[in-house]
J.: 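First, the structure itself, so that you have it in front of you.
Naming: A, B, ... by sequence-line order, numbering from 1 per chain.
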Amino acid sequence: MDLSRIERVDDWTWTVPRSAGESRAEVRLFGGRDLLAAMDDKVLEQITNVARLPGLVGCAMAMPDAHWGYGFPIGGVAAFDPEQGGIISAGGVGFDISCGIRCLRSNLTLEAIRPSARALADGLFRDIPAGVGEQGRLKLSPQDLDRVLEGGARWAVAEGYGTEDDLRYVEEEGRVAGAVPGYVSELAKKRQRGEMGTLGSGNHYLEVQSVERIFDEQAARAFGLSQGQVVISIHCGSRGLGHQIGTDYLVSLAKAAQRLGIDLPERELACAPIHSAEGEQYLGAMYAAINIALANRQILAHLARGVFERFCPGAILETLYDVSHNTCKAERHRVDGRERLLYVHRKGATRAFGPGHAALPERYREAGQPVIIGGSMGTGSYVLAGTRESETRAFSSASHGAGRAMSRHQALKRWNGRQVVDELAARGILIRTASMRGAAEEAPGAYKDVHEVAEATERAGLARRVAFLVPRICVKG
DNA sequence: ATGTAC
């Protein structure tokens, strides 16, 4: 990005000056000079367009890991007030609705799993269905699928996948309210019936990691993390169902925008007022997809436990937290001294509630919400904690990952999948994947520097670093 | 992200 196009607010915050007569909300870009300099110009264009949407409250924001996306940038955050014509946009949520990360802490050390690492990698790859269109062992009837759409991870636990204790540490305690199965198309439901408990493809993964460094001892204690400990992270979303809902509602929301005379800055920003038939329908379907994703990660956590029990007898895997990063949620936020109900779009951005927030489980009430920045398969991931400052700066939002630095197409031209896997193996990182093409697209070099993103996230006041995790085994879609 | 593309 050409830095002359943006204006520095402070060392970690930037804005885009409005040209004469330009009517839009302000924008904020978070990150250090180097991250911004390397960021795609498209992010600037896209977030400026978002700032023109009706009913936007505060600023349209791009997180430090932002990159080009459909309509909204990935790493985009925008809040809308339904009482001021605020809108809901499918492009502001993303196609993979409620894509997110489930993080499990174990009672194992890296040393303890070393002898069985290969067997563990093979076992996980065998038991965790991964890849495009891959089906799981569950085949749900239409009636059962409707129960998942409404019940989320709570449904999964009731079916024997995991424990009540897991639910305490899942956003929304495992089930978001407001899901309306009737607003989900039959095609979307049909696509999902065989896909529960599957990982999918692209940047989705199941990783066995170890705690490499602790930044904040007190928060790490609250999160149950310590140096050398084995942690399992599962990154995936709502599979075919979420994608189909996105596809269905792009059409419906575009028609609504036209019918209601909403001046769209760009076709990809199709949206409808939150208080409109189409807006309410999309919300009902999107909440249902959130429940599907929460249930999916709950089942995958259960499958991972099964593999660990077999290869590491006595292993205990407890849910640290499950956080989504493609959602729009109704939340109460203080704006100019007044509490308002806002619909916060977080696309490639995580919710990051600070200490004391009522939605946090007792265990984390003092430390703040666990925030997970998932890294590439060769570098590592961060666990952070939400801050009070983030509430005023970004409606309690933070980064979600390293963020792509290069398109999939560019990565394919530059790397060979087999070579990427072999090089990682030489560094002691075991990759198991259904797609060598995928491995090339996901080459660590195709991502931004996760350390830079995590540091910028902290310096911008969005969340503070707690622990750094390095990958040991990675099952890729 | 995606039964990867109208």
J.: Please confirm whether the shortest side-chain N or O distance from A:Thr247 to OP1 or OP2 of B:dT2 is below 4.0 Å.
T.: no
J.: Establish, yes or no, whether a centroid distance under 6.0 Å links the rings of A:Phe223 and A:Tyr321.
T.: no
J.: Can a donor-acceptor pair be found between the side chains of A:Gln192 and A:Arg239 at a distance below 3.5 Å?
T.: no
J.: Which is true for A:Glu441 with a 4.0 Å heavy-atom rule: it touches a base, it touches only sugar-phosphate, or it touches nothing?
T.: nothing
J.: A:Asp248 has an atom CG; how far is it from atom C1' of B:dT2, in whole Å?
T.: 13 Å
J.: Under a 4.0 Å N-O cut-off, is there an ion pair linking A:Glu441 with A:Lys476?
T.: no
J.: Have a look at A:Leu187 and say if it touches a base, only the backbone sugar-phosphate, or nothing, with a 4.0 Å heavy-atom cut-off.
T.: base
J.: Between atom CG in A:Leu199 and atom C1' in B:dT2, what is the gap in whole Å?
T.: 14 Å
J.: When the distance from CD of A:Gln135 to C1' of B:dT2 is rounded to whole Å, what number comes out?
T.: 14 Å
J.: Base, sugar-phosphate, or nothing for A:Arg408, non-hydrogen atoms under 4.0 angstrom?
T.: sugar-phosphate
J.: Whole Å only: how far is the CD atom of A:Gln244 from the C1' atom of B:dT4?
T.: 14 Å
J.: Please name the residue in the list A:Lys190, A:Lys189, A:Glu186, A:Arg193 that meets the side-chain contact (heavy atoms from CB on, under 4.5 Å) test with A:Pro142.
T.: A:Arg193
J.: Can you tell me how far P of B:dT4 sits from CE of A:Met436, to the nearest Å?
T.: 21 Å
J.: Provide, to the nearest angstrom, the distance between the NZ atom belonging to A:Lys190 and the P atom belonging to B:dT2.
T.: 18 Å
J.: A:Arg437 CZ to B:dA5 P: how many Å, rounded?
T.: 11 Å
J.: Pick the nucleotide of DNA chain B nearest each of A:Ser435 and A:Asp96; which residue has the one closer to the 5' end?
T.: A:Asp96
J.: How is A:Gly237 classified with respect to the nucleic acid when contacts are heavy atoms under 4.0 Å: base, sugar-phosphate, or nothing?
T.: nothing
J.: Quick one: A:Ile97 CD1 to B:dT2 P, roughly how many Å, whole number?
T.: 12 Å
J.: Considering only NZ, NE, NH1 and NH2 on the basic side and carboxylate oxygens on the acidic side, decide whether A:Arg147 and A:Asp144 come within less than 4.0 Å.
T.: yes
